[in-house]
Amino acid sequence: MSSVPKTNRPIQIAIWGTALVLLILAIYAIRSITHERVDVVTATVTYQDVGKSLSTTGKVEPFDTFQVFAPRDSRVEDVFVDVGEKVQPGQLLLKLDDKDAISNLANAQSSLQAAALTASNILQGGTQEERNTFSSDLEKAKLQRQQDAADLTARQKLLQQGAASPAEVAEAQHRVQIDDANIADIQERRTKRYGEADATHAAAAVAAARAGVAAAQSSFNTADIRSKIAGTVYSLPVARYDYVKAGVDLVYVADLTHMRVTAYFDEPDIGNLAVGQPVDITWEAKPGLTWHGHISQVPTTVIDYQQRFVGECLITVDEGGGTLIPDANVNIAVTTAQHRHVLAIPHQALVHDSAGSFFVYRIVHDRLVRTSVQIGLVNVDSVEIKSGLSDGDVVATHATTNNRALTDGLAVTPAP
């Protein structure tokens, strides 16, 4: 039997060793090529400002406004302003038909004069004619007594001389007594013709008549509609010669440079509101524009508003309003908290387990590493990171393949 030369054995061993190494390298290369790697969207941990806000809707209204409604059924005699016109206090805006108001005022003044005259007559004991008659009767009665008293004196002297009888003196004395009674009766009728009840009734009639004059005067004054404030006419729904019913809108004037918003926040959000919190205001009629303001009054009660339990919050528009117009329906975003220059990640990158612990998947050497974090302020976009991550760390937010769960140790490829 032949044998292999000893000089070929080392060569064979070297060949087999080389083949084995190549085989291992090939297997590793194949596994590296075929091993599953998941594409993930990533985010870098950076310092940024994180805020928390509440959103709702509201209605724009002027701070200072002057609204006029028709005080009665009437006709618009004239209109002196146009919509958009700036006016001053006291400036005439409209004029209503005042014919009935003039007539009513004249009648009311006449009634007051009559009531006042009646009250005066009662206090003085009667009309001027009646007082003149009383004075004349009293003078006549006094003159008659004077004559009868002189006749009595004369008869008393004649009685002493024996020229008159006691009966004649007694007759003269009786006439004087009648005169005194007549004078007393005239004086009593003049001073006590009316009682206390008559005076009270007359005073009440005067008060009622004065109230009637005030009402008629007020109605007359409303015929001329004058502005009580400096501002802009922003609504004028009537025209000259229009017939208007009592209570309908006539004109609206407001200072459009000072506006506010009444916003409606759901009851659970009211406790997060505070005076001074900054507010962003947007209006769909002016896309791309944002007005800034602040809360000037927090809700003081809860009301039922459009099938919602809400609190009314007053917001001052800091820029004065600009192109905002009264009664515009706007969107409100109130910043209730603001942390500046803090580490933050996108909200999508935050994960929590059944125990309520928060963590993220940090990317280290193209693999996911579960990393526990402590969080601070959270909003719909960002999460403040208090501990667990550093500036510049890269975290995964989600896989590009739908429904592909991220797990610790998963090999990944960061996607654009």
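Numbering starts at 1 and runs along the sequence shown.
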**Q.** Set of side-chain hydrogen bond (donor to acceptor under 3.5 Å, both in side chains) partners for Q48, sequence neighbours left out
**A.** T46
Contacts table for residues 292-300: side-chain donor-acceptor under 3.5 angstrom, sequence neighbours left out:
| residue | atom | partner | partner atom | Å |
| --- | --- | --- | --- | --- |
| H292 | ND1 | D280 | OD1 | 2.9 |
| H294 | ND1 | D318 | OD1 | 2.6 |
| S296 | OG | L314 | O | 3.1 |
| S296 | OG | T316 | OG1 | 3.3 |

Q) What residues, two or more places apart in sequence or in another chain, satisfy side-chain hydrogen bond (donor to acceptor under 3.5 Å, both in side chains) together with R240? A) none
Q: Assess whether atom CZ of R210 is packed by more than 12 heavy atoms of other residues, nucleotides or ligands within 6.0 Å.
A: no
Q: For side-chain hydrogen bond (donor to acceptor under 3.5 Å, both in side chains), just list the numbers for T262 and E61, CA-CA rounded to whole Å, side-chain angles, deciding distance to a tenth of an Å, and then say yes or no.
A: CA-CA 7 Å; T262 298; E61 58 187 30; 3.3 Å; yes
Would you mind writing out the side-chain donor-acceptor pairs for residues 341-357 within the sub-3.5 Å range, not counting sequence neighbours?
| residue | atom | partner | partner atom | Å |
| --- | --- | --- | --- | --- |
| H347 | ND1 | N379 | O | 2.7 |
| D353 | OD1 | A355 | N | 3.1 |
| D353 | OD1 | G356 | N | 3.1 |
| D353 | OD1 | S357 | N | 2.9 |
| D353 | OD2 | R370 | NH2 | 3.1 |

Q | Heavy-atom closest pair, residues Y361 and T407 | A | CE2-C, 3.7 Å
Q) Passes side chain to side chain contact (heavy atoms under 4.5 Å, CB included), T323 versus W291? Steps please. A) CA-CA 10 Å; T323 54; W291 293 263; 3.1 Å; yes
**Q.** CZ on R226 to CZ on F66, rounded to 0.5 Å
**A.** 11.0 Å
Q: May I ask you to check whether over 12 heavy atoms, not counting those of F309, lie within 6.0 Å of atom CZ?
A: no
Q.
Determine whether D179 and K142 satisfy the following criterion, salt bridge (Lys or Arg N to Asp or Glu O under 4.0 Å), listing intermediate values before the conclusion.
A. CA-CA 7 Å; D179 292 338; K142 288 180 177 181; over 6 Å; no
Q. Less than 4.5 Å apart, any side-chain heavy atom of V40 and any of I363?
A. yes
Q) Can you check whether V83 reaches T232 side chain to side chain, under 4.5 Å on heavy atoms? A) no
Q: Before giving the answer on side chain to side chain contact (heavy atoms under 4.5 Å, CB included), spell out for V373 and I375 the whole-Å C-alpha distance, their side-chain angles and the decisive distance to 0.1 Å.
A: CA-CA 6 Å; V373 294; I375 66 173; 4.1 Å; yes
Q: Before giving the answer on salt bridge (Lys or Arg N to Asp or Glu O under 4.0 Å), spell out for K95 and D78 the whole-Å C-alpha distance, their side-chain angles and the decisive distance to 0.1 Å.
A: CA-CA 5 Å; K95 184 175 180 62; D78 210 343; over 6 Å; no
**Q.** Within-4.5 Å side-chain heavy-atom neighbours: I315 and R260
**A.** no
(Q) Within a 6.0 Å radius of atom NE2 on H201, are there more than 12 heavy atoms belonging to other residues, nucleotides or ligands? (A) no
Q. Got more than 12 heavy atoms from elsewhere within 6.0 Å of CD, Q374?
A. no
**Q.** Partner residues of D242 under the side-chain hydrogen bond (donor to acceptor under 3.5 Å, both in side chains) criterion, sequence neighbours left out
**A.** none
Q. Which heavy atom in L92 sits nearest to a heavy atom in V81, and how many Å separate them?
A. O-CG1, 4.2 Å
(Q) Could you work out, with salt bridge (Lys or Arg N to Asp or Glu O under 4.0 Å) as the rule, every residue matching D266, not counting sequence neighbours? (A) R308
Q. With no hydrogens and no angle check, is any side-chain donor or acceptor of Q91 less than 3.5 Å from a backbone partner on Q88?
A. yes
Q: Find the distance between CG (D366) and CG (L410) and round it off to the nearest 0.5 Å.
A: 11.0 Å
(Q) Show me the pairs that pass salt bridge (Lys or Arg N to Asp or Glu O under 4.0 Å) and involve residues 332-342, at least two apart or across chains. (A) D49-R340
Considering only distance and modelled atom types, tabulate donor-acceptor pairs under 3.5 Å from the side chains of residues 53-60, sequence neighbours left out.
| residue | atom | partner | partner atom | Å |
| --- | --- | --- | --- | --- |
| T56 | OG1 | Y264 | O | 2.3 |

Q.
Run Y234 and V253 through side chain to side chain contact (heavy atoms under 4.5 Å, CB included) and show every step you take.
A. CA-CA 6 Å; Y234 71 90; V253 177; 5.8 Å; no
Q) From N272 CG over to I270 CD1, what is the distance, rounded to the nearest 0.5 angstrom? A) 10.0 Å
(Q) Tell me every residue that passes salt bridge (Lys or Arg N to Asp or Glu O under 4.0 Å) with E267, counting only those two or more places apart in sequence or in another chain. (A) none
**Q.** Point-to-point distance, once rounded to the nearest 0.5 Å, from CG of L250 to CG of L96
**A.** 6.0 Å
Q: Nearest 0.5 Å please: distance from the CZ atom of R362 over to the OG atom of S372.
A: 11.0 Å
(Q) With a 4.0 Å cut-off on N to O distance, would you call D408 and R367 a salt bridge? (A) no
Q: State yes or no: are the ring centers of Y241 and Y243 separated by less than 6.0 Å?
A: no
Q: Apply side-chain hydrogen bond (donor to acceptor under 3.5 Å, both in side chains) to Q144 and D148, showing your working.
A: CA-CA 6 Å; Q144 182 63 49; D148 290 340; 3.1 Å; yes
Q: May I ask you to decide if D82's main-chain N or O and E85's side chain share a donor-acceptor pair within less than 3.5 Å?
A: yes
Q. Charged N to carboxylate O under 4.0 angstrom, K245 versus D73?
A. yes
Q.
Side chains of V213 and S111, heavy atoms from C-beta outward: is any pair under 4.5 Å?
A. no
Q: Locate the shortest heavy-atom distance separating T371 from G388; write the atom from each residue and the value.
A: CG2-O, 3.4 Å
Q: Taking the side chain as every heavy atom from C-beta outward, state whether L289 and W283 have any atom pair closer than 4.5 Å.
A: no
Show me the donor-acceptor pairs, under 3.5 Å and distance only, between side chains in residues 327-339 and residues at least two apart or in other chains.
| residue | atom | partner | partner atom | Å |
| --- | --- | --- | --- | --- |
| T336 | OG1 | K52 | O | 3.1 |
| H339 | ND1 | E384 | OE1 | 2.7 |

Q: Could you tell me which non-hydrogen atom of A70 sits nearest to which non-hydrogen atom of V244, and how far apart they are?
A: CB-CG2, 4.0 Å
Q. Nearest heavy-atom pair of T42 and P414: which atoms, and what distance?
A. CG2-CB, 3.9 Å
Q.
Let me confirm one number: the CG-CD1 distance from D64 to I229, rounded to the nearest 0.5 Å.
A. 4.0 Å
Q | Partners passing side-chain hydrogen bond (donor to acceptor under 3.5 Å, both in side chains) against Q177 (at least two apart in sequence or in another chain) | A | none
Q) Excluding sequence neighbours, so at least two apart, what forms salt bridge (Lys or Arg N to Asp or Glu O under 4.0 Å) with R145? A) D180
Q | Over all atoms of both residues, closest heavy-atom pair of V79 and A239 | A | CG2-C, 3.9 Å
Q. Side chain to side chain contact (heavy atoms under 4.5 Å, CB included) between T290 and I281: does it pass, once the steps are laid out?
A. CA-CA 6 Å; T290 299; I281 304 166; 5.9 Å; no
